[in-house]
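Sequence lines set the chain letters: A, B, ... in the order given, protein chains first and strands last, and positions in each chain run from 1. Every value quoted in this text rests on a predicted model; they were computed, and no experiment measured them.
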Protein chains: 2
Amino acid sequence: MTEHPPATTPERILAAAGEIFGQDGFKAATIRRIAHAAKANVASIHYHFGDKEGLYAAVLENFFQAGFSRFPADAGLDATPEERLLAFVRSLLYRVLSREGWGGMAGPGRLIAREFLEPTPSFKPIIEKYIKPQKDILTAILSELLGCDAQDEILASCALSVIGQCLYSALRPPVVQRLAPRQAVQAEDDLDRLAAFVWQFSLGGIGRIRANRSIPAGG
Amino acid sequence: MTEHPPATTPERILAAAGEIFGQDGFKAATIRRIAHAAKANVASIHYHFGDKEGLYAAVLENFFQAGFSRFPADAGLDATPEERLLAFVRSLLYRVLSREGWGGMAGPGRLIAREFLEPTPSFKPIIEKYIKPQKDILTAILSELLGCDAQDEILASCALSVIGQCLYSALRPPVVQRLAPRQAVQAEDDLDRLAAFVWQFSLGGIGRIRANRSIPAGG
DNA sequence: ACGCGAATAAAACAAATGTTTTATTCTGTC
DNA sequence: GACAGAATAAAACATTTGTTTTATTCGCGT
């Protein structure tokens with residue numbers, strides 16, 4: 001995800017901006033710190049990227065472009081729905097948490113998590129371009145698993161449960177880790193086991209929801 | 001959660017600070033805006049709360065105190081594990097999302113979500129005081145459902161899946177709602193149905209995990 | 001070697017912000 | 001009614017920040 005230190009000035013700025021925006025957030029990050037970290041001048045930032053927001057948008061696009069090209073979500077379209085669900089969960093977790101991806105809260109993932117929570121204007125095009133297709137892929141998988149058509153209400157709920165499990169794992173370090181101290185998830189093996197767990201848990205949940213479908217829900 | 005407009009100055013400041021810290025975050029929020037919204041003077045903030053961070057800590061403690069006293073997590077200790085899981089999920093969702101609680105992303109929930117993502121120093125005592133006990137309650141419920149003892153590894157994973165589903169629902173408005181446009185979750189009835197869904201989904205997941213326990217995991 | 005534009009560097013600006021200082025008003029007590 | 005201390009108000013301060021302006025340097029085609 002990060003390149004070698006020596007590079008052209010805009011590249012160094014982009015890399016430094018990614019780290020510092022990720023650590024401090026858009027507002028709290030300062031042009032001067034970024035320039036210093038990039039060994040560049042404050043004016044060169046405005047020269048290459050217009051203004052602070054332009055730089056931020058470039059950082060965002062850069063991260064999503066890299067993450068989604070490295071870990072695409074549509075693997076094995078002709079496999080069974082179960083297998084495709086595992087592939088979806090796996091690629092999502094790898095994209096968000098692995099070191100070659102966004103590195104969780106220790107890397108670009110932190111900046112992206114913040115955008116999920118409170119989108120800046122720069123995030124709107126990202127949603128349309130990168131995230132919306134993900135939703136369609138997951139919806140297709142779930143509609144097969146649940147045996148219902150694409151606009152069923154419980155489909156969105158199941159999608160929320162699956163995504164919720166995955167993305168909450170990404171939030172793990174800051175708070176959850178203080179509750180259950182354990183080494184950060186980064187080893188490939190850990191990610192595979194985490195993906196398998198979320199997959200099984202979700203299959204179990206989906207199965208029960210499907211079984212309940214005709215029965216009136218409730219305690 | 002919010003009191004009537006006329007109150008003592010520290011109360012007005014606390015209320016205004018809650019809203020503005022929630023909207024803008026600690027760093028981006030300004031003392032002057034808070035003072036203006038509270039119809040108070042900037043100096044009175046320092047007079048009553050010391051400094052900006054002291055005010056923030058007071059806001060945080062205030063929210064957690066209110067939220068957890070209004071929606072405690074330990075309901076019906078002699079009920080079945082299934083029923084206790086529903087009670088846990090319900091109280092968590094009501095605390096985070098309901099209008100009488102933290103009101104989701106439209107209210108104090110936003111500030112708290114930010115703390116989950118990136119804890120400030122003021123959040124550390126909150127974790128110990130309010131959040132850690134929650135983890136113990138959920139762990140007890142899950143260990144019964146899974147039939148394993150309290151330090152089993154899959155127990156933490158299941159807890160993560162349950163909490164992940166709940167809290168991800170709280171993040172819904174900003175981004176997810178742009179993908180699946182729908183009125184915000186606030187009606188009591190919606191919350192009950194959401195709780196029931198998460199409950200059923202989780203019971204299904206837990207059941208499958210338990211069934212797999214002796215079988216080697218994997219696809 | 002020259003010159004032109006891109007790129008980098010340094011300094012200057014104006015606006016905003018947390019905090020402190022100094023005055024003024026309010027409140028209850030003798 | 002007067003006074004001490006709490007409470008509120010207004011102004012001043014020192015820093016910081018995004019941006020702009022002005023100089024200087026670098027790359028290179030002729």
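Residue A:H36 contributes atom NE2, which lies 17 Å from atom C1' of D:dT17 at whole-angstrom precision. Atom NE2 of A:H46 and atom P of C:dA7 are 17 Å apart (whole Å). Counting to the nearest Å, the P atom of C:dA16 and the NZ atom of B:K52 are 15 Å from each other. For A:I31 and D:dG18, the CD1 to P distance is 5 Å, given to the nearest whole Å. Between the CG atom of B:N41 and the P atom of C:dT17 there is a distance of 16 Å, given to the nearest Å. Straight-line distance from the CG atom of B:D51 to the C1' atom of D:dA14: 17 Å, rounded to whole Å. Here C:dT17 presents its P atom at 13 Å from CZ of B:F21, a figure rounded to the nearest Å. A straight line from CD1 of B:I34 to P of D:dT8 spans 16 Å, rounded to a whole angstrom.
Using a 4.0 Å cut-off between charged side-chain N and carboxylate O, A:E100 and A:R95 make no salt bridge. With respect to the salt-bridge test (charged N to carboxylate O, under 4.0 angstrom), the residues A:E115 and A:R110 do not qualify.
Within 4.0 Å (heavy atoms only), A:T30 reaches sugar-phosphate atoms of the nucleic acid but no base atom. Residue B:A29 is in sugar-phosphate contact alone, with no base atom involved, counting any heavy-atom pair closer than 4.0 Å across all strands shown.
In this model, no donor atom of one side chain and acceptor atom of the other lie less than 3.5 Å apart for B:Y56 and B:D51.
Comparing B:V42 and A:K39 against DNA chain C, the residue whose closest nucleotide sits nearer the 5' end is A:K39. Mapping A:A43 and B:R32 onto DNA chain D via the closest heavy atom, the residue that lands nearer the 5' end is B:R32.
Less than 6.0 angstrom separates the ring centroid of B:F64 from the ring centroid of B:W102. In this structure, B:Y168 has its ring center no closer than 6.0 Å to that of A:Y168.
Proximity of A:H48 to the phosphate of C:dT8: a side-chain N or O atom is located under 4.0 Å from OP1 or OP2. Neither OP1 nor OP2 of C:dA7 sits under 4.0 Å from any side-chain N or O of A:T9.
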